[in-house]
Amino acid sequence: MCDAQGRFVTSGAAVLGDGGASCLAGSNRTESSKMTVRTRFAPSPTGYLHVGGARTALFSYLFARRHGGQFVLRIEDTDLERSTAESVNAIMEGLTWLGLDYDEGPFFQTERFERYQQVVDDLLERGLAYRCDCPKERLDRLRDTQMAAKVKPRYDGHCRGREIDPEQPHVVRFKNPVDGAVIVDDLIRGRVPFANTELDDLIIRRSDGSPTYNLTVVVDDADMAITHVIRGDDHLNNTPRQINILKALGHEPPRYAHVPMILGPDGKRLSKRHGAVSVVSYRDNGYLPEALLNYLVRLGWSHGDQEVFSLDEMIALFDISDVNTAASAFNVEKLDWLNQHYIQHGEPKHIARLLSPHMGELGIDPAEDGPELVDVVMAQAARAKTLKELAAISAFCYRDFEDYDEAAAKKHLRPVARPALEGLRAELEMLALEDWEPETLHRVVERVAEELELNMGKVAQPLRVAVVGRAASPGIDVTLQLVGKDATLRRIDRALAFIDARAANA
RNA sequence: GCUCCCUUCGUCUAGUGGUUAGGACGUCGGCCUCUCACGCCGGUAACAGGGGUUCGAAUCCCCUAGGGAGCGCCA
């Protein structure tokens with residue numbers, strides 16, 4: 001909760017004051033609104049936003065939206081060595097592209113060091129933490145003997161009762177309870193008990209004075225009044241320590257929900273060798289944000305037999321306690337199916353807008369000349385799994401293709417096709433520009449086929465290859481319309497020349 | 001090594017003591033057809049293994065196996 005000055009204040013006995021970050025408008029909280037749901041996404045800026053993080057963010061976002069709460073973005077950048085500004089930008093770029101808007105933040109932990117110092121000092125004063133100057137060698141030795149004795153390596157509390165000069169190099173350790181148990185009542189996994197004897201006195205302040213993760217996360221979650229912590233299940237083992245610290249600070253722990261991780265297509269831990277793991281790379285490869293979101297929400301969560309969800313539907317139907325307990329593998333084929341679904345069923349104008357930059361990638365400016373991009377989308381949408389593909393198979397609408405598809409040319413651009421192409425050329429040339437539309441074009445092709453007593457296929461296919469360069473395109477009438485009269489005649493001439501050259505070489 | 005988590009078709013999942021174990025992606029076959037797609041119809045395919053509890057277990061309990069995480073002056 002925040003006080004009148006807009007500072008984070010704890011709800012416990014000790015008022016711990018400002019740490020640098022400030023409350024934003026709208027987060028003014030009172031006792032009665034204390035139960036407002038607040039979730040957070042807390043990435044460390046050491047790389048791009050990957051699909052696992054994106055799903056965690058999505059779940060947190062949906063949960064907050066579902067319950068009329070707030071979604072907070074917090075950057076956990078206390079690892080000065082590895083954190084970069086580029087990563088912060090990359091993460092925000094990913095969230096923005098997905099449309100996961102946050103209500104508060106981004107808050108940076110590096111701006112809250114003063115606050116963490118206060119908390120550590122307070123813990124020290126109250127005897128809930130202590131200084132430790134155990135040399136590395138002692139710790140290493142301890143660890144080795146414990147490993148040899150087949151027990152879990154833990155700090156032995158050597159400095160618990162010792163007086164250590166605050167001026168001399170030391171770390172601060174949290175005095176973890178020595179007995180009893182901590183029960184993590186997880187929204188996804190249920191009650192998971194941990195014996196305190198399994199835990200040790202973890203370091204909460206390094207010898208350089210900087211706070212460690214388990215301290216900062218707890219302080220921030222408390223100060224930012226986070227009610228539900230939704231995060232990867234690699235944090236489940238950290239949770240009992242965090243609860244102990246929270247209790248020492250006099251805070252009620254938030255509810256936790258540990259989501260299982262996302263595996264690569266091979267069932268192994270997701271990594272760079274699996275190819276695209278960065279959210280932004282999906283954008284660049286022609287995926288729609290709504291498709292990725294839809295795919296991710298179905299990884300670990302479901303609502304009966306429903307497969308397609310709009311963001312609004314997700315918000316209305318999502319419940320964190322319905323999330324699965326097991327890890328799931330990332331399956332590109334299903335993502336492709338969803339992406340194709342959204343390309344095909346999305347608003348053509350919307351798709352055209354998203355397609356435009358991919359045309360640009362091919363050096364095509366759809367605004368310059370050629371057909372309206374919306375018309376291309378309507379004709380081609382069912383034929384592409386990604387916008388990148390959609391751009392590639394639509395380039396012929398805007399410029400002459402380089403080479404014929406070899407197999408298609410071999411099969412359809414043969415001397416036998418010459419009469420058909422000549423007949424088509426003659427008829428098409430006579431067509432008035434205002435008649436250059438599917439209905440008329442269709443009749444022309446039909447008429448030529450009838451006159452030559454050929455199947456539609458024997459006429460349409462050579463024409464298609466002549467005009468598109470490949471044997472696949474929308475209906476021949478729509479294809480001709482998109483290509484336009486000039487280019488159509490030009491490309492038929494090119495095909496006739498190709499056939500002649502081929503006959504000469506035979 | 002210790003602690004914790006996990007285990008239904010190839011993949012994502014439904015299922016919460018009684019179902020011919022359902023759906024989706026993929027795959028295979030067919031239909032549609034001027035091509036490629038789309039669409040439609042149909043097929044293939046799973047409860048990790050073993051013990052219990054119960055009249056009855058995918059569902060509850062135990063063990064085993066396999067997978068994963070944590071055990072940092074990383075987050």
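To find a chain, count down the sequence lines: A is the first, B the second, and so on, and within it residues start at 1.
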For nucleotides 36-40 of chain B, which of its nitrogen or oxygen atoms have a protein nitrogen or oxygen under 3.5 Å away, and what is each distance?
{"from": "B:C36", "atom 1": "O2", "to": "A:Arg383", "atom 2": "NE", "distance (Å)": "2.5"}
{"from": "B:C36", "atom 1": "N3", "to": "A:Arg383", "atom 2": "NE", "distance (Å)": "3.3"}
{"from": "B:C36", "atom 1": "N3", "to": "A:Arg383", "atom 2": "NH2", "distance (Å)": "2.9"}
{"from": "B:A37", "atom 1": "O2'", "to": "A:Ala382", "atom 2": "O", "distance (Å)": "2.2"}
{"from": "B:C38", "atom 1": "O2'", "to": "A:Gln344", "atom 2": "OE1", "distance (Å)": "2.3"}

Let me check something: any side-chain donor-acceptor pairs from residues 450-462 of chain A under 3.5 Å, sequence neighbours excluded? List them with distances.
{"from": "A:Gln461", "atom 1": "OE1", "to": "A:Arg464", "atom 2": "NH1", "distance (Å)": "2.5"}

Pair A:Asn285-A:Lys388, side-chain donor/acceptor within less than 3.5 Å: yes

Of residues 299-306 of chain A, the positions that come close to RNA chain B - non-hydrogen atoms, cut-off under 4.0 Å: A:Leu299, A:Gly300, A:Ser302, A:Asp305

Any pair counted as ring-ring contact (aromatic ring centres under 6.0 Å, His included), so long as it reaches residues 183-223 of chain A, sequence neighbours left out: A:Tyr213-A:His235

Distance, rounded to the nearest Å, where A:Asp336 contributes CG and B:U27 contributes P: 11 Å

Nucleotide B:C73, atom P - distance to NE2 of A:His170 in whole Å: 15 Å

All side chain to side chain contact (heavy atoms under 4.5 Å, CB included) counterparts of A:Asp121, not counting sequence neighbours: A:Leu124, A:Arg205

Per A:Val171 side chain, nearest of listed nucleotides B:A75, B:C73, B:C12: B:C73

A:Asp200 with A:Arg173: basic N within carboxylate O range, under 4.0 Å: no

Which residue lies more 5' along RNA chain B, comparing A:Asn324 with A:Glu307 via nearest heavy atoms: A:Asn324

Parallel, tilted or perpendicular: ring planes of A:His341 versus A:Trp337, cut at 30 and 60 degrees: tilted

Distance between P atoms of B:U27 and B:C38 (Å, rounded): 10 Å

C1' spacing across the pair B:C61 / B:G43, given as an integer number of angstrom: 39 Å

Sugar-phosphate only, base, or nothing, as touched by A:Thr479 at under 4.0 Å among non-hydrogen atoms: nothing

Who pairs with B:U3 - Watson-Crick or G-U, where each distance is under 3.5 Å: B:A69

Separation of atom CD in A:Glu333 from atom C1' in B:G26, rounded to whole Å: 6 Å

Side chain of A:Ser44 (C-beta onward), nearest among B:A75, B:C12, B:C4: B:A75

Residue mapping more 5' on RNA chain B - nearest nucleotide basis, A:Ala326 or A:His442: A:Ala326

P atoms of B:C12 and B:G26, separation to the nearest Å: 15 Å

Watson-Crick or G-U wobble mate for B:A75, both contacts under 3.5 Å: none

P-based separation of B:C60 from B:C6 [nearest Å]: 12 Å

Exercise: do A:Gln109 and A:Asp77 side chains pair donor with acceptor under 3.5 Å: no

Heavy-atom side-chain proximity of A:Gln380 to A:Pro474 below 4.5 angstrom: yes

Whole-Å gap separating C1' (B:G1) and CG (A:Asp144): 13 Å

Sugar-phosphate, base or nothing in reach of A:Arg189, heavy atoms under 4.0 Å: sugar-phosphate

Options B:C73, B:A75, B:U11, nucleotide nearest the side-chain atoms of A:Asp79: B:A75

A:Glu198 CD to B:C5 P, straight-line distance once rounded to whole Å: 12 Å

Donor-acceptor side-chain pairing of A:Tyr287 and A:Asp336 below 3.5 angstrom: yes

Short side-chain N/O contact to B:G72 OP1/OP2 from A:Thr212, under 4.0 Å: no

Basic-acidic side-chain contact under 4.0 Å: A:Asp220, A:Arg40: no

Pair listing, ring-ring contact (aromatic ring centres under 6.0 Å, His included) test, anchored in residues 461-482 of chain A, at least two apart: none

Paired nucleotide for B:G18 [Watson-Crick or G-U wobble; both distances under 3.5 Å]: B:C55

Sugar-phosphate, base or nothing in reach of A:Lys150, heavy atoms under 4.0 Å: sugar-phosphate

Partners meeting side chain to side chain contact (heavy atoms under 4.5 Å, CB included) with A:Asp233 (sequence neighbours left out): A:Arg189, A:His258, A:Pro260

C1' spacing across the pair B:G51 / B:U44, given as an integer number of angstrom: 33 Å

B:C25 pairs with, by Watson-Crick or G-U criteria that keep both distances under 3.5 Å: B:G10

Aromatic ring pairing A:Phe330/A:Tyr282, orientation class (parallel under 30°, perpendicular over 60°, tilted between): tilted

For A:Asp403, all residues meeting side chain to side chain contact (heavy atoms under 4.5 Å, CB included), sequence neighbours excluded: none

Letter per nucleotide, 5' to 3', of nucleotides 63-71 of chain B [B base touched, S only sugar-phosphate touched, - untouched; heavy atoms, 4.0 Å]: -----SBBB

Distance, P atom - from B:U20 to B:C2, rounded to whole angstrom: 45 Å

Touch class at under 4.0 angstrom, heavy-atom based, for A:Phe330 against every strand present: nothing

Carboxylate-amine/guanidinium proximity below 4.0 Å for A:Glu137 and A:Arg141: no

Pairing residues for A:Ala408 by the side chain to side chain contact (heavy atoms under 4.5 Å, CB included) criterion, not counting sequence neighbours: A:Asp405, A:Val465, A:Ala471

Contacting residues from residues 450-468 of chain A, given that a heavy atom lies under 4.0 angstrom of RNA chain B: A:Met456, A:Gly457, A:Ala460, A:Gln461, A:Arg464

P-based separation of B:G23 from B:C9 [nearest Å]: 16 Å

A:Tyr295 OH to B:U13 C1', straight-line distance once rounded to whole Å: 11 Å

A:Phe194 CZ - B:C4 P separation (whole Å): 8 Å

B:A24 and B:C63, which share atom name C1', separated by this distance in whole Å: 35 Å

Rounded interatomic separation in angstrom, taking CD1 from A:Ile245 and P from B:A75: 13 Å

B:A48 pairs with, by Watson-Crick or G-U criteria that keep both distances under 3.5 Å: B:U64

All side chain to side chain donor-acceptor pair (under 3.5 Å) counterparts of A:Lys175, not counting sequence neighbours: none

Base-pairing mate for B:C36 - Watson-Crick or G-U, with both contacts under 3.5 Å: none

